[in-house]
Amino acid sequence: MTQAITSVLELAGEYDAIVFDQWGVLHDGTAPYSGALDVIRSLKAKGQCTAILSNSGKRAESNLNRIARFGFDTKNFSKVITSGEALWQDVQSGKVPERAFFAIERSAGDAAAWAAGLEVDLVGLEKAKAVLLMGLPDRADLVNLKSTLKGTLARHLPLYCSNPDKASPRADGLVVSPGALAEWYRKEGGQVRFYGKPHGPVFDALQTALACDHILMVGDSLEHDIAGAARAGWDSVLIQNGLYRDRFAHNSADYVISELVQVHGTAPTYSLAELS
C-alpha cells in the first residue's frame with residue numbers, strides 16, 4: 001500500500017541513491033517547482049547521492065545545462081542519464097544501423113545538437129532511412145505530423161522514439177509528447193523502438209553508473225517512472241503536482257492513486273503532494 005509522506009527528506013539516508021525525473025518533479029519547463037532547489041541542496045548537505053533519469057530526447061549535457069539555468073547546482077547530481085543519451089550511444093556503437101534520419105524535434109536545431117559527434121545525416125523524408133522522434137513543439141499539430149509520417153509507414157521506415165512520454169506538464173497545463181505519436185505509429189503497423197522509461201535499459205544503465213542497489217525513483221508518471229522503477233527493483237515516490245495535477249486537485253490522493261493503479265498496474269511505494 002502506498003504510504004503518504006510530507007517530504008522526500010524523510011527518506012534521506014535510507015537509500016543508496018535517490019533518482020529524480022525532471023519535468024513534473026524538478027521543474028515545469030519554465031521554472032523550478034517551489035521547494036525543489038532547497039530539497040536538492042538539503043539532500044546534498046545530508047550526504048545523499050542523487051541523480052537524474054529523464055525521458056528527454058536531448059543528451060545528458062544539454063539537460064544539465066537546462067537545469068543549471070533553473071538554478072540547480074549540477075554538482076549536486078552524481079549522474080544524469082537521458083533517453084536521448086542512450087539512443088546516441090547506440091547509434092555511435094552501431095546498435096542502431098541507420099545513418100540517414102528524418103528528425104522531428106521540439107525546437108529547430110535540437111536534432112543537429114543531438115547528432116554532434118555522430119556520422120549521421122539529418123535529411124528530408126525522401127532520403128531518410130529512419131525517423132528520429134526526439135521532441136514535439138508545444139501545441140504540436142498531430143494531424144499534420146501523422147499525415148507526414150504516412151509516407152514513412154508506406155516505406156516501412158523504423159521510428160526511434162527518444163522520449164516515450166505521452167504528455168508533459170507545463171506551467172499552463174499538459175502538452176502532447178512524442179510517445180503519443182510513436183504509439184500511433186506503432187498501432188498503424190510501424191516499427192518503433194523506444195528509448196527511456198519505463199523500458200529497462202535506461203534503468204540498468206543508471207544503476208550500473210551509480211554502482212549501488214538500493215535506489216528510490218521520484219517521478220510523476222505511473223506509466224513511466226513508477227512502473228519502470230518497479231521493474232528495476234527500485235522503490236518509488238509519486239509526485240502529485242505533475243502529470244496528474246488536475247486529478248489530484250479534485251479528488252483524494254487515495255482515490256486517484258487507486259484509479260491510476262487499476263490502469264497501469266503498479267503502485268508507488270510513497271506519495272508526495274509536491275517535491276519538498
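No side-chain heavy atom of Phe102 sits under 4.5 Å from any side-chain heavy atom of Leu132. Counting heavy atoms from C-beta on, the side chains of Trp23 and Asp220 never come closer than 4.5 Å. In this structure, Thr269 and Val237 have side chains that are not in contact, with every pair of non-hydrogen atoms separated by 4.5 Å or more. Between Asn251 and Tyr244 the shortest side-chain heavy-atom distance does not fall below 4.5 Å. Side-chain contact check for Leu136 versus Val176: some heavy-atom pair is nearer than 4.5 Å. Within the 4.5 Å cutoff, no side-chain heavy atoms of Val256 are placed close to those of His250. Taking the side chain as every heavy atom from C-beta outward, Leu210 and Cys49 approach each other to under 4.5 Å. Leu145 places a side-chain heavy atom less than 4.5 Å from the side chain of Leu181.
Between Lys197 and Asp21 there is a salt bridge, with a side-chain nitrogen of the basic residue lying less than 4.0 Å from a carboxylate oxygen of the acidic one. Salt bridge Glu223/Lys166: present, at least one basic N to carboxylate O contact under 4.0 Å. Salt bridge annotation for Glu85-Lys58: absent, with no cationic side-chain nitrogen under 4.0 angstrom from a carboxylate oxygen.
Of the N and O atoms on the side chains of Asn55 and Asn163, not one donor lies less than 3.5 Å from an acceptor on the other residue. If you check the side chains of Gln22 and His27, you find a donor sitting under 3.5 Å from an acceptor. A donor and an acceptor atom, one from each side chain of Ser271 and Gln3, are nowhere located under 3.5 Å apart. Ser7 and Ser276 share no donor-acceptor pair across their side chains, judged by distance under 3.5 Å alone.
The ring-ring contact (aromatic ring centres under 6.0 Å, His included) pairs that include a residue from residues 180-217 are Tyr15-His214, Phe194-His199, Phe203-Trp234, where partners are two or more places apart or lie in different chains. Among pairs with a residue in residues 93-103, those fulfilling side-chain hydrogen bond (donor to acceptor under 3.5 Å, both in side chains) read Glu98-Tyr160, at least two apart in sequence or across chains.
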Return all side-chain donor-acceptor pairs below 3.5 angstrom for residues 65-79, not counting sequence neighbours, or 'none' if the list is empty.
residue: Asn65; atom: ND2; partner: Glu61; partner atom: O; Å: 3.4
residue: Arg66; atom: NH2; partner: Asn63; partner atom: OD1; Å: 2.8
residue: Asp73; atom: OD1; partner: Lys75; partner atom: N; Å: 3.0

Quick one: side chains of residues 106-131, donor-acceptor pairs under 3.5 Å with protein atoms, not counting sequence neighbours, listed by atom name and distance.
residue: Arg106; atom: NH2; partner: Asp138; partner atom: OD2; Å: 3.1
residue: Asp110; atom: OD2; partner: Ser107; partner atom: N; Å: 3.0
residue: Trp114; atom: NE1; partner: Gly84; partner atom: O; Å: 3.0

Can you give me every donor-acceptor pair (side chain of residues 257-266, partner residue at least two apart or in another chain, under 3.5 Å) with its distance?
residue: Glu259; atom: OE1; partner: Arg247; partner atom: NH2; Å: 3.3
residue: Glu259; atom: OE2; partner: Tyr255; partner atom: OH; Å: 3.0

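Connection of Leu272 to Tyr33 is not established within any shared hydrophobic cluster, with ILVMFWY side chains joined at heavy-atom distances below 4.5 Å, either directly or through further cluster members.
Under the salt bridge (Lys or Arg N to Asp or Glu O under 4.0 Å) criterion, Arg231 pairs with no residue at all, not counting sequence neighbours.
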